[in-house]
Visitor: 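One structure is given below, represented as structure tokens, and several questions about it will come after.
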Amino acid sequence: MAKPAVSRDAFRGLFAFYAAKAHHDHKHDGEHRLLKLFGSAEDIPDRLLEQWSEGAELLGPETVGRILEPRTRQIANGSARYDHASDFLHALLRDLGQKVQ
């Protein structure tokens, strides 16, 4: 049986976690940007969540963490901006694809 795709709520939780970290680090603009992505994550297409799940399972948690952490740090620092959580997820999928090849 195939492993189910990551839930939308679980993916939203990533933004909440990093927003809390930005708050703790007194990066209020970064916290706001991450919370904006948290809200827009409700509209991530299922196919993107499925692709994320497949890529994350293939590469394992350590590699995924090494891809995810710098991207979220860039959002918190203001050096990367995404209009929607789907845009962020597309960027992560490109990074995952490069690691798979």
Side-chain angles (χ1 to χ4, degrees):
M1 183 195 298
K3 187 174 182 180
V6 65
S7 74
R8 186 165 280 100
D9 287 338
F11 197 81
R12 291 178 77 211
L14 289 172
F15 293 119
F17 172 78
Y18 284 105
K21 175 148 179 23
H23 177 83
H24 175 74
D25 294 343
H26 304 286
K27 295 179 180 179
H28 302 292
D29 290 339
E31 176 185 7
H32 175 74
R33 285 188 293 273
L34 287 158
L35 288 174
K36 180 182 170 192
L37 293 177
F38 171 83
S40 69
E42 194 64 38
D43 301 321
I44 294 174
D46 290 340
R47 67 175 173 73
L48 286 179
L49 291 171
E50 290 169 8
Q51 290 174 345
W52 169 256
S53 292
E54 291 168 5
E57 184 177 343
L58 184 64
L59 293 174
E62 292 83 16
T63 301
V64 169
R66 285 193 296 272
I67 292 169
L68 184 63
E69 195 275 330
R71 289 257 180 207
T72 54
R73 188 173 0 105
Q74 290 171 342
I75 296 168
N77 291 336
S79 61
R81 295 181 189 262
Y82 301 94
D83 294 329
H84 193 279
S86 298
D87 299 331
F88 177 76
L89 188 49
H90 277 291
L92 288 177
L93 289 168
R94 279 192 305 274
D95 291 348
L96 286 177
Q98 291 173 357
K99 293 287 184 186
V100 169
Q101 295 175 358

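In what follows, every heavy atom counts, from backbone to side chain, and hydrogens, waters and symmetry copies are set aside.
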Visitor: Please report the interatomic distance CZ(Arg73) to CG(Asn77), rounded to the nearest 0.5 Å.
Guide: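 If we round to the nearest 0.5 Å, Arg73:CZ and Asn77:CG are 7.0 Å apart.
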
Visitor: In Å, rounded to the nearest 0.5 Å, how long is the span from OH of Tyr18 to CD1 of Ile75?
Guide: 10.0 Å

Visitor: Looking at every non-hydrogen atom in both residues, tell me the closest pair between Glu69 and Thr72 and how far apart they are.
Guide: O-OG1, 2.9 Å

Visitor: Just list the side-chain donor-acceptor pairs under 3.5 Å for residues 84-93, sequence neighbours left out, or say none.
Guide:
unit_1, atom_1, unit_2, atom_2, d
His84, ND1, Ser86, N, 2.9
His84, ND1, Ser86, OG, 3.2
His84, NE2, Ser40, O, 3.2
Asp87, OD2, His84, N, 3.3

Visitor: So among Lys36, Arg71, Arg33, which one has a side-chain hydrogen bond (donor to acceptor under 3.5 Å, both in side chains) with Tyr82?
Guide: Arg71

Visitor: Any side-chain heavy atom of Glu31 sitting closer than 4.5 Å to one from His28?
Guide: yes

Visitor: Applying the side chain to side chain contact (heavy atoms under 4.5 Å, CB included) test to Leu96, which of Leu58, Val64, Thr63 qualifies?
Guide: Val64

Visitor: Going from CG on Leu37 to NE2 on His32, what distance comes out if it is rounded to the nearest 0.5 angstrom?
Guide: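 Going from the CG atom of Leu37 to the NE2 atom of His32 covers 10.0 Å.
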
Visitor: Mind checking the CG-CZ spacing from Leu59 to Arg66? Nearest 0.5 Å is all I need.
Guide: 9.5 Å

Visitor: By side chain to side chain contact (heavy atoms under 4.5 Å, CB included), which residues pair with Ala10, not counting sequence neighbours?
Guide: Val6, Ser7

Visitor: Leu35 and Phe17: same hydrophobic cluster, using ILVMFWY side-chain contacts below 4.5 Å?
Guide: no

Visitor: Under a 4.0 Å N-O cut-off, is there an ion pair linking Asp43 with Arg8?
Guide: no

Visitor: Does a side-chain heavy-atom distance below 4.5 Å link Leu68 with Leu14?
Guide: yes

